[in-house]
K.L.:
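There's a structure below that I have some questions on.
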2 protein chains.
Amino acid sequence: MGSDTKNIILDAAEALFAGEGFANTSLRAITAAAGANLASVNYHFGSKDALIEAVFARRLRPMNRERIRRLEALEDEYGGAAPLDGLIEAFVGPALELSRDTERGGARFVRLLGRSYTEPSPSLQARVRGMHEEVIGRFKSAFGRALPELPSDELYWRLHFMVGLLAYCMAGTDMMRLIASCRLADSLDADVLKERLVSFLVAGMCAPLPGPLEGPVIAGPAREGRHNGLTT
Amino acid sequence: MGSDTKNIILDAAEALFAGEGFANTSLRAITAAAGANLASVNYHFGSKDALIEAVFARRLRPMNRERIRRLEALEDEYGGAAPLDGLIEAFVGPALELSRDTERGGARFVRLLGRSYTEPSPSLQARVRGMHEEVIGRFKSAFGRALPELPSDELYWRLHFMVGLLAYCMAGTDMMRLIASCRLADSLDADVLKERLVSFLVAGMCAPLPGPLEGPVIAGPAREGRHNGLTT
DNA sequence: GTCTATAACTAGATAGAC
DNA sequence: GTCTATCTAGTTATAGAC
């Protein structure tokens, strides 16, 4: 599994990118932190851009595999009609749980991943998007089956809201400290955050349809049992 | 009010920062786009950092003044007990409406603002946070009055979710295109987005309390009339 | 206020010895 | 695979003429 220095460089790059951003992190800083030679990045990866891609690929692929594993487990259990809260947990869980996995990058990478959604570089956008493509597609249709009465453009926007809120939470911004005046320890407790996030998202996904004309009530989230669709 | 070139530089900087990010935009690119001299940035603003701050201050202050104006109007109307959906609209509206205001920076600045929340630079974080401080404080207590039965740490997390989701929507990411396969025109329609976002957020703020022990139902969003608190 | 010229530095990438 | 040395090009910032 790859040379040793290759992984040491990936670790150092991950940490520095998460802390300073891509553009503000030089190859010199990375190789110094890794105890490696300046030329080694270009030898092992080819370019800074390729290094960035490798940093993402290393953790994103297993994470998205886990998402799909949980999705399939749900569909097996419920005969193809996975319930809404299960789907949300299957999507959100693997991302948030990464931050507990200190052995394998943990919180550092989660911050980086959260920020990747709003990074301006088009090449990075394209690369990361490619790694998410399959997952997004499969969850899109699963959510469609879980919320069959929701119009599809409304569904897409709400999925977008879900992805975005997860990304923001992962990025772990300073703004949170301003709002909650809370210590970082709390924000790192993935389990508590997951529960709060899932409850918020389930309610949002079930929200009544918007509209200036006081649209019909679509759903109030029922608390007992699992949500498996919209109820009138 | 300020020299002419000063504003031309601000416009050019705003556009380039929004498109390429701060670190990837050089003063040379900015002055070239503005038709001004390289030295003029340092003459008028002192440094690149100070220019960044000026770009934000120019639009952030009026925006936050408008938020507070709407908050006060609500509190006048409802005698200090502003309803939940009104509060959310008062917070979210002025930000999203900026993107319609093509005269005054419009969508460009909104994208930039959305991304500012996840920018790594600590100095930028501190500066922008300072410009938001008063607004956050006042809305925090108003939301507390609108949702009196919600435990305060839960309230803070949900406010954090609200701010984060708004930030993500403003940033207008590529990921959205992957999810919705939608044309940009749709994403720029501030009114439609606002309705969708408010409906999602109202439901999320009213969500049942999370907890492994199947907590009590706190609220299902009622569709008629305004939301003004939690109902059992 | 605006310009030219340049100082002082840092960046990514590579050639070639070991 | 790893190192040194170096190339080329980019950066912010400033001094000083107009």
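Residue numbers begin at 1 in each chain, while the letters A, B, ... track the order of the sequences.
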K.L.:
In whole Å, what is the span from the CD1 atom of A:I52 to the C1' atom of C:dG12?
P.N.:
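Going from CD1 in A:I52 over to C1' in C:dG12 covers 12 Å.
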K.L.:
Regarding B:S40, tell me which of base, sugar-phosphate or nothing describes its non-hydrogen contacts under 4.0 Å with the strands shown.
P.N.:
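No contact at all - B:S40 keeps every heavy atom at 4.0 Å or more from the nucleic acid.
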K.L.:
When you measure from the side chain of A:A39, which nucleotide among D:dT2, D:dC3, C:dT4 comes out closest?
P.N.:
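The closest nucleotide is D:dC3.
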K.L.:
Classify the ring geometry between B:F143 and B:F139 as parallel (under 30°), tilted (30 to 60°) or perpendicular (over 60°).
P.N.:
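If you compare the ring of B:F143 with that of B:F139, the planes turn out tilted.
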K.L.:
Starting from C1' on C:dA11, measure out to CD on A:E20 and report it in whole angstrom.
P.N.:
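Answer to the nearest Å: 16 Å.
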K.L.:
Which value, rounded to the nearest 0.5 Å, describes the distance between B:Y43 atom OH and B:T5 atom OG1?
P.N.:
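Going from the OH atom of B:Y43 to the OG1 atom of B:T5 covers 9.0 Å.
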K.L.:
Check whether any side-chain heavy atom of B:V163 lies under 4.5 Å from a side-chain heavy atom of B:H132, and answer yes or no.
P.N.:
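No, too far: nothing below the 4.5 Å cut-off.
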K.L.:
For C:dT2 and B:N37 - does any side-chain N or O of the residue sit under 4.0 Å from the phosphate oxygens OP1/OP2?
P.N.:
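For B:N37, the contact criterion (side-chain N or O under 4.0 Å from OP1 or OP2 of C:dT2) is not met.
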K.L.:
Would you kindly compare A:H44 and A:R28 by the position of their nearest DNA chain D nucleotide and give the one closer to the 5′ end?
P.N.:
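Closest to the 5' end, via its nearest nucleotide, is A:H44.
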K.L.:
Just checking A:T31: base, sugar-phosphate only, or nothing, at a heavy-atom cut-off of under 4.0 Å?
P.N.:
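Nothing, no heavy atom under 4.0 Å.
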K.L.:
Of the nucleotides D:dT2, C:dA13, D:dA13, which one has an atom closest to the side chain of B:K48?
P.N.:
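Of D:dT2, C:dA13, D:dA13, D:dA13 is nearest to the side chain of B:K48.
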K.L.:
Return the nearest nucleotide to the side chain of A:Y43; candidates are D:dA13, D:dG1, C:dA13.
P.N.:
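My answer, after comparing the listed nucleotides, is D:dG1.
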K.L.:
For B:N24 and C:dG12, give me the distance from atom CG to atom C1', rounded to whole Å.
P.N.:
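Atom CG in B:N24 sits about 13 Å away from atom C1' in C:dG12.
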K.L.:
Using whole Å, what does the distance between atom C1' of nucleotide C:dT2 and atom CG of B:D4 come to?
P.N.:
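Rounding to the nearest Å, CG of B:D4 and C1' of C:dT2 are 14 Å apart.
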K.L.:
Does B:T5 put a side-chain nitrogen or oxygen below 4.0 Å from OP1 or OP2 of C:dT2?
P.N.:
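So the side chain of B:T5 is within the cut-off, an N or O lying under 4.0 Å from OP1 or OP2 of C:dT2.
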K.L.:
Taking atom P of C:dA11 as reference, at what distance in whole Å does atom CG of A:L38 sit?
P.N.:
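Taking CG of A:L38 and P of C:dA11, I get 10 Å after rounding.
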K.L.:
Indicate the ring-plane relationship of B:F161 and A:F200, choosing parallel, tilted or perpendicular according to the 30° and 60° boundaries.
P.N.:
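The rings of B:F161 and A:F200 stand perpendicular, inter-plane angle above 60°.
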K.L.:
CD1 of B:I9 versus P of D:dT12: gap in Å, rounded?
P.N.:
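Those two atoms, CD1 and P, are 13 Å apart.
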K.L.:
Nearest whole Å is fine: how far is D:dA15 P from B:N42 CG?
P.N.:
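Going from CG in B:N42 over to P in D:dA15 covers 11 Å.
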K.L.:
Expressed in angstrom and rounded to an integer, what is the separation of B:F45 atom CZ from D:dT12 atom P?
P.N.:
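Whole-Å distance recorded here is 15 Å.
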K.L.:
Verify the distance criterion only: is there a donor paired with an acceptor across the side chains of A:S47 and A:N42 at less than 3.5 Å?
P.N.:
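No, A:N42 and A:S47 have no side-chain donor paired with an acceptor closer than 3.5 Å.
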K.L.:
Answer yes or no: does a side-chain N or O of A:S26 lie under 4.0 Å from OP1 or OP2 of C:dT10?
P.N.:
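For C:dT10, neither OP1 nor OP2 has a side-chain N or O of A:S26 closer than 4.0 Å.
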